[in-house]
2 protein chains.
Amino acid sequence: MDESTELLAVRVAELYYEENKTQDEVGALLGITRWKVGRLLTRAREAGIVRIEIVHPRARRLDVERQLRDRFGLKDAVVVPLPTEDEEVSPRVAQAAADYLAAVRPIPRTLGVSWGRTLDEVARVLADGWTVGVQVVQINGGVSLNSKQGTAAQTAVTIAQKGHGQATLLPIPAILEQVETKRAIERDRTVASVRALGASASAYLYSAGVAGASSVHVDSGYLSESDVDDLVAKGAVGDVVGRYIDSAGEIVDSALDERTVGIGLDELRAADHAIFVVAGDAKHDVARAVVTSGLCSVIVTDEATAHALLEETT
Amino acid sequence: MDESTELLAVRVAELYYEENKTQDEVGALLGITRWKVGRLLTRAREAGIVRIEIVHPRARRLDVERQLRDRFGLKDAVVVPLPTEDEEVSPRVAQAAADYLAAVRPIPRTLGVSWGRTLDEVARVLADGWTVGVQVVQINGGVSLNSKQGTAAQTAVTIAQKGHGQATLLPIPAILEQVETKRAIERDRTVASVRALGASASAYLYSAGVAGASSVHVDSGYLSESDVDDLVAKGAVGDVVGRYIDSAGEIVDSALDERTVGIGLDELRAADHAIFVVAGDAKHDVARAVVTSGLCSVIVTDEATAHALLEETT
DNA sequence: GGGATGCTTGCTCAGATGAGCAGCTGGTTG
DNA sequence: CAACCAGCTGCTCATCTGAGCAAGCATCCC
C-alpha cells in the first residue's frame with residue numbers, strides 16, 4: 001500500500017469508525033465510491049491501521065486457542081490475554097479455569113483434583129453453585145510435613161462445597177520414604193477406595209510445578225534441595241500430580257516415582273477431560289512437556305505461555 | 001450492565017470481531033437471538049470492552065477537533081493523537097500542519113509565514129509540489145543577532161520552493177532597540193512593500209513561543225533574560241509573531257511592541273486563514289491565549305494541548 | 001392491590017455492506 | 001509491437017445489520 005493510499009485509508013477509517021458515518025457518506029465526503037471505501041477499510045484492518053481489541057479481564061484469545069488445539073491435538077484450549085498494566089496473570093488464568101470447569105459438558109459427576117497454589121486460586125474464584133452434587137476426589141497425596149498442611153484438603157473441599165457436593169480426601173503424604181510403606185498404604189482399604197474413586201473420575205483438574213529449589217516438594221519437606229538438583233540433572237523440568245517428568249513427559253526417576261502416591265500419568269493420558277491449568281513464564285518448560293506428551297486434553301493458560309508453546313519449531 | 005451480561009458481551013465481541021462471524025452465527029453459537037447479539041455489541045463498544053483505535057502517525061482526532069471548533073469558534077482544527085511510545089509529538093503536528101496547508105481551499109496565492117523551530121519542521125516535511133506558484137512572505141523580522149541566522153529565511157524559502165513559487169523575506173531584526181529605528185526602517189520603500197505584501201496574504205502560518213529563559217528572543221539576543229522576566233511579571237505567557245501577549249491575548253508591553261517589526265495581531269485576527277501550529281505541553285498557556293482571543297482561525301496541535309484547552313472551565 | 005414506569009425482547013423493514021464478476025488500465029515481456 | 005498479466009474499478013445481488021415499534025416483564029410507588 002503506497003503512502004497516499006494509506007493516508008486515504010486513515011481518513012476513511014476515522015470517518016467510518018470514529019465519526020460513525022456510513023461507507024456511502026465517507027465516500028461522498030472524500031470523493032470516492034463506497035466500494036473503494038469498503039476495500040480501504042478492509043485493507044486498513046489487515047494492515048493494522050485499525051486495531052480492534054477486546055479489553056476485559058475475562059476476554060480470551062480464540063485464535064491462539066485454535067492453534068493450540070490444532071498443533072497438539074487438544075480437545076480444547078483456553079488462552080487468556082496478558083494484562084496491560086502490572087497486573088498478575090494467574091488470577092485471570094484461575095478465573096478462566098473456573099469458568100471452563102463450570103461449563104464442561106457433560107457435567108462431571110466425579111472430579112479428580114490435584115492441589116497447589118494455582119488450583120487454590122481456581123477454587124477460590126469458582127462460582128458458588130457452579131454445579132450441583134459433584135463428587136470431588138483428591139488424586140494425589142497432600143499432607144504436608146510442615147506448617148502449611150490443610151491447603152491441599154482445603155482446595156478439594158472448597159470446590160466440592162461450591163459445587164454443592166462432597167469431597168473425598170487422600171490424607172496421606174505425597175511422597176513416602178520407603179517403597180514398602182507406599183505399597184502398604186495403597187493396600188489399605190480406605191486408601192484403595194479413594195484411589196479407585198479417583199480413577200473413575202470423569203474429569204481431572206490439575207496444574208504443574210517447576211523442578212527447582214522453590215518446588216512445593218522442597219517447601220513441604222518431601223524432598224531436599226539436593227534431591228531436586230539430582231532430578232534436574234537427570235532432565236526433570238517439573239512435576240505433575242507429584243510425579244517429576246522430563247521434557248518428553250517421561251518419569252525421570254522411577255524409584256522416586258514408585259514412592260509417590262496418587263494417580264498415574266497414564267490414567268491422566270487416558271482421561272476424557274484432563275484439564276491442565278498453568279500460568280506464568282517460569283512454567284513454559286513443564287507446560288511444553290505436558291502438552292507435547294499428551295498428558296492433558298484441555299489446557300488453560302495465559303497468552304505468553306501459549307505463544308511459547310507455539311513458537312517451538314515443529 | 002451486570003456481570004453475566006458483561007461476560008456474554010465479551011464472548012459475543014470475541015466471536016464477532018476476532019473470529020469474523022456474523023451476528024447470526026454468533027447468536028446461534030451462544031443460543032441467543034441475533035438482535036440481542038447486535039445490542040450486546042453496541043453496549044460492549046459503549047462500555048469500552050471493545051476498543052477500536054486507529055494507529056497511524058497521521059491519524060487525527062476528529063471528535064476533539066469538532067469540540068475545539070465549537071468551543072472557540074474556529075474555522076477549522078486539526079488534532080493529532082499522542083504517540084504511544086516515547087516518540088515525539090512535534091513531528092506529527094508538523095506533518096499535520098503541512099498536510100493541512102496543502103489542502104487549504106481556495107489555494108492561497110500569497111502565504112504569510114512566521115519562523116521558529118515548529119515552522120522549520122513544517123517546512124521540512126511539506127511535500128514537494130504541495131502547490132504551484134505560491135508567493136511566500138515573511139511576516140515578522142527574523143535576522144538573528146547570533147550564529148543561527150538564516151533559519152528564519154530558510155523556512156520561508158523552503159516553503160516557497162516546495163510550492164514552486166518564490167519567497168519574499170523581511171531581512172531585518174525582530175525587535176529593534178529604538179522606536180525611531182523601527183519607524184525609519186518601516187518607512188523604507190523595500191520594507192514597506194514587503195509589509196504590504198504580507199498584509200495582503202490570503203493565509204498565515206505561524207506558531208508561538210513560550211515566555212521564559214528559553215525563549216528564542218533570548219537565544220538570539222533580542223532580549224535579555226531579565227527583559228523576559230519582566231514580561232512574565234507583567235503577565236506575558238508567550239509570543240506570537242514576535243509580540244508578547246498575556247493570557248487574554250493582549251499586548252503586554254506596548255513600548256516593546258512598538259519596537260517589534262512585523263505584522264500586527266489585529267491583522268492576524270482579521271485574516272481568513274490564520275493557521276496556528278502549536279505542539280508540546282509547555283505551550284498550553286500560550287495556546288489558550290491565542291485561541292481564546294481569536295488570534296487564529298485554524299489550530300493545528302496535539303491531543304494533550306487540545307484537551308488542556310477544552311478542560312478549562314467555561 | 002393496581003397502575004404507572006422503565007427496561008428488555010423479538011419482530012419488520014429499509015438501509016448498509018461484502019462477495020463475486022466483468023471491464024479497464026498500466027506496466028512487462030517475448 | 002502485440003500479447004499478457006496484475007491490480008484496480010464500478011457494478012449486481014444476496015446477505016447482514018441497525019432503527020424503530022409493539023408486546024412482555026419486572027419494579028416501584030401510592
Side-chain angles (χ1 to χ4, degrees), chain A residues 1-56 58-63 66 99 102-103 127-129, chain B residues 1-56 58-63 65-66 99 102-103 127-129 132:
Chain A
M1 183 151 47
D2 68 353
E3 189 180 312
S4 64
T5 311
E6 191 171 312
L7 204 51
L8 189 60
V10 172
R11 296 281 97 86
V12 164
E14 285 167 350
L15 292 168
Y16 186 73
Y17 285 112
E18 296 189 341
E19 300 289 291
N20 294 315
K21 302 201 179 299
T22 71
Q23 298 187 0
D24 232 357
E25 288 173 313
V26 174
L29 227 48
L30 299 178
I32 53 183
T33 62
R34 72 181 185 77
W35 296 284
K36 185 157 186 173
V37 171
R39 281 185 254 256
L40 282 170
L41 284 172
T42 308
R43 292 173 72 181
R45 280 187 300 259
E46 283 167 354
I49 292 173
V50 172
R51 190 174 298 165
I52 300 180
E53 56 181 335
I54 296 167
V55 191
H56 196 278
R58 283 161 96 164
R60 287 167 54 179
R61 297 304 317 270
L62 303 182
D63 51 336
R66 181 176 24 252
D99 290 347
D128 197 17
Chain B
M1 181 153 45
D2 67 355
E3 189 179 313
S4 65
T5 311
E6 192 170 312
L7 204 50
L8 188 59
V10 172
R11 296 280 97 87
V12 163
E14 285 168 349
L15 292 168
Y16 186 74
Y17 285 112
E18 295 188 342
E19 301 288 291
N20 293 315
K21 301 199 179 301
T22 69
Q23 297 188 1
D24 231 355
E25 288 173 313
V26 174
L29 227 48
L30 299 178
I32 52 182
T33 62
R34 72 181 186 76
W35 297 284
K36 186 156 185 175
V37 171
R39 274 167 209 157
L40 282 170
L41 284 172
T42 308
R43 292 173 71 180
R45 281 187 299 260
E46 282 167 354
I49 293 174
V50 172
R51 190 174 300 166
I52 300 180
E53 56 181 337
I54 296 166
V55 190
H56 195 279
R58 284 160 94 165
R60 287 167 52 178
R61 299 302 319 269
L62 303 181
D63 51 335
E65 295 178 1
R66 185 179 16 256
D99 289 347
D128 197 16
V132 175

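Every chain is numbered from 1 and lettered A, B, ... according to where its sequence line falls, protein lines coming before strand lines. Note that the structure is predicted; figures quoted are calculated from it, not measured.
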- prompt: Mind checking what makes side-chain hydrogen bond (donor to acceptor under 3.5 Å, both in side chains) contact with A/R39, not counting sequence neighbours?
  reply: none
task: Classify every nucleotide of nucleotides 15-28 of chain D by which part a protein heavy atom approaches to under 4.0 Å, writing B for the base, S for the sugar-phosphate alone and - for neither, in 5'-to-3' order.
output: -SBB-B--------
query: Rounded to whole angstrom units, what separation is found between the CG atom of B/N20 and the P atom of C/dT17?
result: 16 Å
message: What's the angle between the local helix axes at either end of the helix from C/dG1-D/dC30 to C/dG30-D/dC1, using five pairs per end and rounding to 10 degrees?
response: 30°
query: So do the side chains of B/R58 and A/E3 get within less than 4.5 Å of each other, counting heavy atoms only?
result: yes
field: Pairing residues for B/D2 by the side-chain hydrogen bond (donor to acceptor under 3.5 Å, both in side chains) criterion, not counting sequence neighbours
entry: B/T5
Using a 3.5 Å cut-off and no angle test, enumerate the donor-acceptor pairs between side-chain atoms of residues 18-30 of chain A and protein atoms at least two apart in sequence or in another chain.
from: A/E19; atom 1: OE1; to: B/R66; atom 2: NH1; distance (Å): 3.1
from: A/E19; atom 1: OE1; to: B/R66; atom 2: NH2; distance (Å): 3.1
from: A/E19; atom 1: OE2; to: B/R66; atom 2: NH2; distance (Å): 3.4
from: A/T22; atom 1: OG1; to: A/D24; atom 2: N; distance (Å): 3.4
from: A/T22; atom 1: OG1; to: A/E25; atom 2: N; distance (Å): 3.1
from: A/E25; atom 1: OE1; to: A/T22; atom 2: N; distance (Å): 2.8

Name every donor-acceptor pair, under 3.5 Å, that has one atom in a side chain of residues 41-52 of chain A and the other anywhere in the protein, sequence neighbours excluded.
from: A/T42; atom 1: OG1; to: A/G38; atom 2: O; distance (Å): 3.0
from: A/R45; atom 1: NH1; to: A/Y17; atom 2: OH; distance (Å): 2.6

query: Any idea which heavy atoms bring B/V10 and A/A59 closest together, and the distance?
result: CG1-CA, 3.6 Å
query: Does the side chain of B/I32 reach to within under 4.5 Å of the side chain of B/V12, using non-hydrogen atoms?
result: yes
query: Roughly how many Å is it from NZ in B/K36 to C1' in C/dG10, rounded to a whole number?
result: 11 Å
